[in-house]
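Let me begin by presenting the structure, written as structure tokens, before commenting on it.
Everything numeric here is computed off the predicted structure, so don't read it as measured data. Note that the numbering runs from 1 along the sequence shown for the chain.
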Amino acid sequence: MLELSHVNMNFGGVVAVNDVSFNIPLESLTGIIGPNGAGKTTIFNIISGVYTPSSGKIIFKGEDITSYKAYKINKMGIARTFQNLRLFARSTVLENIITAAQNKFSSYDLIEAILHLGRWSTVESDLKNFGMDLLERVGLADRADQEAGTLPYGLQRKLEIARALATKPELLLLDEPAAGMNPEEVNDLNNLILQIHEDFKLTILVIEHHMDMIMKICPHVICLNFGAKIAEGTGDEIQNNSEVLEAYLGHNKQ
């Protein structure tokens, strides 16, 4: 599904990503871990087209997308969430979903939109039904008419994931989805990610600072430190890797 080949990202004299390569198999659930500043989010920004890498290649479904813009990458089937919530706070929960789903449904022209004629009624009905079904799947159907910005923090995180799913991706990138959550919310989120992975048959790549969350849900784990890949394997292999332990122990002592 996705291949990174010798990817580097430099910001002036700062090396943020250093010769990183890995493969993400179709319909897999993979975690990327590492201390703060390890380069995790930079990797996501490169995959999703926010940054163009200084060198190396990004291959998605056999196509080189290294230089593609973010909108084109999204249309190809890659969706992501962000560390910092980017919801439309004053729009309703349902409107957030419908806005994200617009490009995946038939369109109508300006006259049809103004006069509510022609294709307008059918398209709007299809969008609403799709949005409500998606909200039902993530447990937010009863909040459909609530302003997104008034949701509790944990539910806002769920909405952002649902909004990414509304673009009908084949690859879903979750950027520290548990950031700011309490243990109960993290457990609920873990169950949601596993359910989404099973129901939608998606390829999911999750990055997290906290190793324990990734170990619970991801059969395959990649560890970064100082922009470089230092380990890759199963949860047990990662937890017993001396370089990983050193990276985390060193971080925790700071």
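To the nearest 0.5 angstrom, L173 atom CG is 8.0 Å from L2 atom CG. Between H197 atom NE2 and L29 atom CG the span is 5.0 Å, to the nearest 0.5 Å. Taking CG of L172 as the start and OG1 of T81 as the end, the distance is 7.0 Å to the nearest 0.5 Å. To the nearest 0.5 Å, atom CD of residue Q239 and atom SG of residue C223 are 11.0 Å apart. Atom-to-atom distance recorded for T30:OG1 and I24:CD1 is 4.0 Å, nearest 0.5 angstrom. The distance from the CG atom of L135 to the CG atom of N96 is 9.5 Å, given to the nearest 0.5 Å.
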Could you walk me through whether V138 and I161 satisfy the side chain to side chain contact (heavy atoms under 4.5 Å, CB included) test, starting with their C-alpha distance in whole Å, then the side-chain angles of each, then the deciding distance to 0.1 Å, before giving a yes or no?
CA-CA 9 Å; V138 300; I161 293 173; 5.6 Å; no

Where do S55 and N8 land on the side-chain hydrogen bond (donor to acceptor under 3.5 Å, both in side chains) test, with the steps shown first?
CA-CA 5 Å; S55 61; N8 293 276; 3.0 Å; yes

Derivation of the side chain to side chain contact (heavy atoms under 4.5 Å, CB included) call for F44 and Q83:
CA-CA 11 Å; F44 266 26; Q83 283 186 40; over 6 Å; no

I97 and L159: side chain to side chain contact (heavy atoms under 4.5 Å, CB included), yes or no, with the steps?
CA-CA 8 Å; I97 300 297; L159 176 57; 3.9 Å; yes

Tell me, with the steps shown, if L189 and M213 meet side chain to side chain contact (heavy atoms under 4.5 Å, CB included).
CA-CA 10 Å; L189 176 67; M213 174 188 171; 3.9 Å; yes

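In this structure, A79 and P169 approach most closely via the heavy-atom pair CB-CB, 3.7 Å. Closest of all the heavy-atom pairs between P177 and I193 is CG-CD1, 4.3 Å. Between P53 and M9, the shortest heavy-atom contact is CA-SD, 3.7 Å. Annotation for A162 and L134: closest pair O-CD2, 3.2 Å, computed over non-hydrogen atoms. Contact record, A231 with I238: CB-CD1, 3.7 Å, taken as the closest heavy-atom pair. A166 and A100 make their closest contact through CB-CB, 3.9 Å (heavy atoms, listed as atom of the first residue, atom of the second, distance).
Each of F82 and L87 belongs to its own hydrophobic cluster when Ile, Leu, Val, Met, Phe, Trp and Tyr are linked at side-chain heavy-atom distances under 4.5 angstrom. Under the 4.5 Å side-chain heavy-atom criterion for grouping Ile, Leu, Val, Met, Phe, Trp and Tyr, Y68 is not connected to I59 through any hydrophobic cluster.
At a cut-off of 3.5 Å, with distance as the only test, no side-chain donor of Y153 or E185 sits close to an acceptor on the other residue. A donor and an acceptor atom, one from each side chain of T92 and D145, are nowhere located under 3.5 Å apart.
K61 pairs by the salt bridge (Lys or Arg N to Asp or Glu O under 4.0 Å) definition with E170, not counting sequence neighbours. Residues passing the salt bridge (Lys or Arg N to Asp or Glu O under 4.0 Å) test with E232, sequence neighbours excluded: K229. In terms of the salt bridge (Lys or Arg N to Asp or Glu O under 4.0 Å) criterion, D212 has no residue partners (sequence neighbours excluded). Evaluation of the salt bridge (Lys or Arg N to Asp or Glu O under 4.0 Å) rule for D236 yields no partner, not counting sequence neighbours. For A16, the side-chain contact (heavy atoms from CB on, under 4.5 Å) partners are F11, T42, not counting sequence neighbours. Under the rule for a side-chain hydrogen bond (donor to acceptor under 3.5 Å, both in side chains), the partners of D175 that lie at least two apart in sequence or sit in another chain are T41, R80.
Applying the 6.0 Å contact sphere to CD of E136 captures no more than 12 heavy atoms from other residues, nucleotides or ligands. Counting heavy atoms of neighbouring residues, nucleotides and ligands inside a 6.0 Å radius, atom CG of N84 does not exceed 12 of them.
The shortest distance between side-chain heavy atoms of F22 and H220 does not fall below 4.5 Å. Counting only heavy atoms from C-beta outward, the side chains of V20 and I222 never approach each other to under 4.5 Å. Looking at heavy atoms from C-beta onward, N225 lies out of side-chain contact with E246 at the 4.5 angstrom threshold. R137 places none of its side-chain heavy atoms less than 4.5 Å from the side chain of Q195. In this structure, V93 and L151 have side chains that are in contact, with non-hydrogen atoms separated by less than 4.5 Å. The closest side-chain heavy-atom distance from I58 to I73 is not below 4.5 Å.
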